[in-house]
Amino acid sequence: MSGIDALAGLAETSAPTVEVCLRALRTALADVGEGARVEARTIVGHVLGLDLTGLMLGGDRPVGSDEVARMVALARRRLGGEPIQRVIGEADFFGLAFRLSPATLVPRPDTETLVEAVLVRLEGVERPVLADLGVGSGAILVALLHARADAIGVATDLSEEALTTARGNAERHGVVARAGFVRGSYASMLAAERFDAVVSNPPYVESAVVDGLDAEVRDHDPRLALDGGADGLDGYRRIVVEALAALKPGGLLALEIGWDQGESVPALVAAAGYEEVAVLPDLAGRDRVVVARRSHASWRASGDAK
Ligand code: GLN
């Protein structure tokens, strides 16, 4: 039975139960591969407002025809090639659910490496002041503020729509009172020497490569969040300069990078005058994060060191 036939069958079943819907959607989504079982749960849970426990305990619950129709519509979009997170408008990141909009990337598990690297390095810092440049859905900043109840942070983005989405996610996770949202490019508008950590997952894909990305990325993630210019490094060139001014002496810079930027980005960071530049791998062992510190003794850079 093809995916679409399985869906038609589901739509015609009178008063199916949760269990019947799960099975039918799993069959329908078989074409998406190994994830079919999980994605079937995601769609059914999303429409019925149930988490995994609710789905497991509520297998006998009858499902109304309008709910079935919504499940069928979502499964059709998935079969049409939309990523599951776009279909339900939500993605999990660092154990929290984030709403998405067309102006935001789907947060990637790879980016959790960046959040972890920052949290470890902020352990000794009380009431840290953070900035997330190009905040998108807010995943990084909200995860950080959620993990550190004493932190405050500013989010910047070129996209008003992304800022609205990020603010909504901050509200949802109870951190909005500790977050500010500012429209603009990277750190250009931020106060000097104010931040304990500046973090960013800027667009870093080479312009010529964007069109060759997986269709699920190319056709559904915003180009503004992917395209890093001819060599993929345009964002970093701006960020290293602007963040240096925004950071307190000794403050932390933490950047996500592409798997093949483990030499180019650290070189830019070091050339801008940062110290303790290091590259960290993601869970798959690929270069994914660059960390560095603004020098404690920044005046030395003026040549006064003896
Ligand atoms: N990691 C994303 C991808 O695989 C790119 C994200 C970015 O450019 N910041 O396409």
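Just follow the structure's listing: the first ligand is 1, and inside any ligand the first atom is 1. Just so it is clear, the model here is predicted, and its values are computed rather than measured.
Heavy-atom contacts of Pro203 reach the following atoms of ligand 1: 8 (O) (cutoff under 4.0 Å). Each of the following atoms of ligand 1 lies closer than 4.0 Å to a heavy atom of Pro202: 7 (C), 8 (O), 9 (N). Atoms of ligand 1 found under 4.0 Å from any heavy atom of Ala225, numbered from 1 in the order shown, are 7 (C), 8 (O), 9 (N). Set against the non-hydrogen atoms of Leu226, the atoms of ligand 1 under 4.0 Å away are 5 (C), 8 (O), 10 (O).
The backbone N or O of Ala187 sits less than 3.5 Å from a side-chain atom of Glu242, completing a donor-acceptor pair.
Between Tyr204 and Tyr236, the ring planes lie parallel to each other; the angle is under 30°, not in the 30° to 60° tilted range.
Side chains of Met71 and Val63 form a contact here, defined as non-hydrogen atoms less than 4.5 Å apart.
Counting only heavy atoms of the protein, atom 10 (O) of ligand 1 lies nearest to Arg108 NH2, 3.4 Å. The single protein non-hydrogen atom nearest to atom 1 (N) of ligand 1 is Tyr204 OH, 2.9 Å, given as residue, atom name and distance.
The environment of Arg99 atom CZ is sparse: at most 12 non-hydrogen atoms of other residues, nucleotides or ligands sit within 6.0 angstrom.
Between Glu216 and Arg78, at least one side-chain nitrogen of the basic residue sits less than 4.0 Å from a carboxylate oxygen of the acidic one, meeting the salt-bridge criterion.
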